[in-house]
Amino acid sequence: MKAIILAGGKGTRLQPLTYTIPKPMLPLYDKPVMEYSIELLKKHGITEIGITLQYRHEQIIEYFGDGSQWGVTLTYFIEKEPLGTAGGIKRAEAFIEEDCIIISGDALTEINLQDVIHFHYEQKSEMTIVTKEVNDVRGYGVVTIDEGHRVTEFVEKPTYEQANSRLINTGVYVIKKSVLDYVNSYGPTDFSFDIIPLLLEYNHTVCSFVTEDYWIDIGQIHHYRQAHYDLWRKWFGNRQESVVSDDALIEEGVTIYDPVYVGENVVIRKGASIGPYTIIGTNSIIEAHAAIDKTILLQNVTVGAESFLYNATIGPYVNVQAMTTYVQDTVAENQVLPQLSVKPDVSIFKNGRLYVHSSVDRERLYNALLLVCKHQGAFCLASDDEGEAIQLRKECFSFLRSNHSAVYDIKKEALPVFRYYMMTSQASIGIYIGVDSKNSGLFLEIYDKKGQLVNQLIEKKIERMYLQAKQANTTTSVSLKKTSIRNIREEYCDALVKSINQHVLLEDSTRIGVICSPFIQKVVELLCKRLRVHVLFLNKWEKTEEIKRIIKRNKLSFCIQIKEDGETFALYDEKGCSVNDSEIMSLYIYSVYMTKKAAFVPIPIHYSSTLETFAQSLNQSFMRTKAKKRDLLSLLGPVQFQLDAMYALCQLIELIMVQQRKISEMIQYVPHAYMNWRYISCPLEIQEQVMKKLLEEAIGKQVYVIDGLKIYHDPHEWTLILPDGHLPVLNIYSEALNTQTAKKLSAYFVEKIQEYQRV
């Protein structure tokens, strides 16, 4: 028996993936879906195969040729215009002998074709329809049969109420050649809409072969994705294994969570994270620190640095630019995917920060800012000293000035200084523009007159106005008051100096090292002059070993590396050894204990329990707090140890002067922390359900609910499940008495979350 594969459809429901590629050529693990149909036919001894083609037929012919590579003989029948499923077969009538099996080129199946053929002959059927029982019949042709397997009724795509059966048409048929006599030679004819109802009307024998074998039509995106996962389970069952091509280049520092598929010639740069059930097609490139989870990338895709893709389907030759967030959607081929290409229900703000790149319509963004914030008062702008940030600040300033009566530009300034200015100036809305230190990504942060990030309601309004692209009304430009950058810095430094015990600074010869950007250096110079501290500025490109030598050679008390935003910092002790985050926090606890500047110490929820132990040993009150920047600002204000590196510098200087002890001596009594961090994708709409299940399982254990769910396994071991807040991700932090146990705890909750998502 010969076979015909129907491969002429345009794949409208799979757009935009099928804009430039025919549906049968869509890859399943780097192999066109139609190739699986050819292999199935060959497996059942059917080697003479006709293929009906229309849409982009040249791609199919070029790939499959004469079929000899697969041990079959292929004959092509090209339609100038779509003729329908039956019309295409009519065009191949001369190819058919007596009976013919028909199969779709866009379905994945393991149907036993020899059993179908045997049934067809046994029933002496003129047409046999392979059917399968499903729960939801909507979108399919529904078949009703009698006890003898004869079809008594056929309804194409009925409503739920209209369906009298759970059997659907799989699009796999065996027909006698005489069936083609009913095909209209002058226009499109379809088996489902035309031929099957006509055969039933004339009482021809149409039978149903009910299969329990695997079958899926990939005609819709969610089915196409499901086919990938079904194939994976066929190959590996429940084993969590990854398939990585031998010629793939995976740099150091890449994290892969099994199972994933990595095709030929794929490059994955350092720091990237590849989540489970991700498929990366041939010749694709994943840049540094990108995170991809439950995503299918077709061939030749480039994913920019620091991007996040979740549950997405990315067509071939797509360029996903840096810092992109793309969630639960499909991207066409040959596109440049802009950074703000997100669904309206996905926030363009991430923890108070809005990333801006060249693809963003900046005037639209300025419009949105003006429309939402113009009634609140004067604007104030500042930026770091990166060229892109300066240019964006100037553009934004010009736009606001031409549309608003009061806009102040204090130009290049550190973010903590800018926040302090917002507290002391007449401005009501502050816009700070900077460049992300990891990937040179431009960002905006918007502050109120208290130096706090504006509330999320305002963020949502800005987002909505940006998406709606409404225009602001232009007003006449007015002259503006000038403001003094020098005075801002001096007032800020005065406030920091007043925050410490100045008596301990007299006649002190303390020497410190500082690594920072030039514009932050000006603030640090002014501050250290007020503190009577000798400061040595190091080149920010120095390697760790060279930093250690400089510290020892110059007998520095410590060296602080202030990041570009002026908020966060790294610390080296007097020996040049790096001080980790928990140890830095312990110094903060010790500083508060010694100076009594606060009633309690806030310890973010994800930090080690060793800090609690340390605080208790000092009889210092503490409170576990939320970890996000917005929450820390709300709790402690803009000038604080955790979000102001210059303030932290003052506190560290005061601490070593009061104690007359070295940093290494003060942190040696802090117990060592063994922690592990992982993340797992989890759709936003089911995160609450998953967290409830985790909470139910934790009955009988000590549990805290702050930001997320913190479960104590015993007094020294815990796991924190912390939602990202904006992205469909759950962060998992575990602490234990050793590294191995911490990893096991995290892995256990990863498996639990995966299990709850499948329920």
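None of these values were measured; they are calculated from a predicted model. All residue numbers refer to positions in the sequence shown, counting from 1.
Taking the side chain as every heavy atom from C-beta outward, Leu633 and Leu453 approach each other to under 4.5 Å. Using a 4.5 Å heavy-atom threshold, the side chains of Ile446 and Ile429 count as touching. Taking the side chain as every heavy atom from C-beta outward, Trp677 and Ile732 never approach each other to under 4.5 Å. For the pair Ile21 and Leu298, the minimum side-chain heavy-atom distance is 4.5 Å or more. In this structure, Val260 and Ile279 have side chains that are not in contact, with every pair of non-hydrogen atoms separated by 4.5 Å or more. The shortest distance between side-chain heavy atoms of Ile551 and Lys548 does not fall below 4.5 Å. Between Glu306 and His289 the shortest side-chain heavy-atom distance falls below 4.5 Å. Between Ile512 and Ile653, the closest side-chain pair of non-hydrogen atoms falls below 4.5 Å.
Of all heavy-atom pairs spanning Ala414 and Ile520, the tightest one is CB-CG1, 4.1 Å. Of all the heavy atoms in Val254 and Arg269, the pair that sits closest is CG2-O, 3.1 Å. When all heavy atoms of Cys516 and Phe537 are compared, the pair lying nearest together is SG-CE2, 4.1 Å. Here the shortest heavy-atom pairing between Pro723 and Asn731 reads C-ND2, 4.5 Å. The nearest pair of heavy atoms linking Ala248 to Gly263 is CB-O, 4.1 Å. The minimum heavy-atom distance linking Ala382 with Ile410 is given by the pair CB-CG1, 3.6 Å.
Here Gln391 contributes atom CD and Leu442 contributes atom CG; the two are 10.0 Å apart, rounded to the nearest 0.5 Å. Atoms OG and CD1, on Ser578 and Ile547 in that order, are 9.5 Å from each other to the nearest 0.5 Å. Note that OG1 of Thr278 and CD1 of Ile292 are 6.5 Å apart. Values are rounded to the nearest 0.5 Å. Note that the NZ atom of Lys450 and the OG atom of Ser634 stand 9.0 Å from one another [nearest 0.5 Å]. The line from CZ of Phe641 to CG of Leu632 is 13.0 Å long, rounded to the nearest 0.5 Å. Atom NZ in Lys411 sits 14.5 Å away from atom CG in Asp385 (nearest 0.5 Å).
The existence of a salt bridge linking Arg549 and Glu546 is confirmed by a sub-4.0 Å separation between a basic side-chain nitrogen and an acidic carboxylate oxygen. Ion pairing between Asp384 and Lys412 fails under the 4.0 Å rule for side-chain N and carboxylate O. At a threshold of 4.0 Å, the pair Arg419-Glu445 does not count as salt-bridged, since none of the basic side-chain nitrogens sits closer than that to a carboxylate oxygen.
Side chain to side chain, Tyr492 and Asn487 fail the donor-acceptor criterion of an N or O pair below 3.5 Å. When only modelled atom types and interatomic distance are considered, Asp247 and Ser245 share a side-chain donor-acceptor pair under 3.5 Å. Side chains of Arg225 and Asn311: a donor-acceptor N/O pair is present below 3.5 angstrom, by distance only.
Using modelled atom types, no side-chain atom of Arg489 and backbone atom of Leu527 make a donor-acceptor pair closer than 3.5 Å. Side-chain atoms of Gln640 come within 3.5 Å of backbone N or O of Gly637 as a donor-acceptor pair. Remark: the backbone N or O of Cys682 is paired with a side-chain donor or acceptor of Gln687 at under 3.5 angstrom. In terms of modelled atom types and a separation under 3.5 Å, the side chain of Ser517 and the main chain of Phe519 share no donor-acceptor contact. Between the Asn367 side chain and the Leu370 main chain, no donor and acceptor come within less than 3.5 Å of each other. Counting only distance, with no hydrogens or angles, the side chain of Glu491 and the backbone of Ile488 share no donor-acceptor pair below 3.5 Å. The closest donor-acceptor contact from the side chain of Ser402 to the backbone of Ser398 lies under 3.5 Å. The main-chain N or O of Leu496 is found under 3.5 Å from a side-chain atom of Ser499 such that the two form a donor-acceptor pair. Between the side chain of Asn554 and the backbone N or O of Leu556, no donor-acceptor pair lies under 3.5 Å. Checked by atom type and distance alone, the side chain of Ser284 pairs as donor or acceptor with a backbone atom of Val301 at under 3.5 Å.
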Stepwise side chain to side chain contact (heavy atoms under 4.5 Å, CB included) test for Val372 and Ile458: CA-CA 7 Å; Val372 174; Ile458 292 178; 3.8 Å; yes
Evaluate Cys577 against Tyr572 for side chain to side chain contact (heavy atoms under 4.5 Å, CB included), listing each step before the verdict. CA-CA 5 Å; Cys577 298; Tyr572 301 88; over 6 Å; no
Run the side chain to side chain contact (heavy atoms under 4.5 Å, CB included) test on Leu531 and Glu654 for me, step by step, so that the C-alpha distance in whole Å, both residues' side-chain angles and the decisive distance to 0.1 Å come before the verdict. CA-CA 10 Å; Leu531 295 174; Glu654 180 186 33; over 6 Å; no
Apply salt bridge (Lys or Arg N to Asp or Glu O under 4.0 Å) to the pair Arg630 and Glu459, showing each step before the final yes or no. CA-CA 12 Å; Arg630 183 188 306 280; Glu459 288 182 357; 2.6 Å; yes
Stepwise, does the side chain to side chain contact (heavy atoms under 4.5 Å, CB included) test hold for Lys629 with Leu643? CA-CA 8 Å; Lys629 179 175 179 177; Leu643 291 174; 3.9 Å; yes
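Heavy-atom contacts from other residues, nucleotides or ligands closer than 6.0 Å to NZ of Lys449 number 12 or fewer.
By the 30° and 60° cut-offs, the orientation of the rings of Tyr432 relative to Phe418 is tilted. In this structure, Phe399 and Tyr366 have tilted ring planes: the angle between them lies in the 30° to 60° band.
In this structure, Phe397 has its ring center no closer than 6.0 Å to that of Tyr408.
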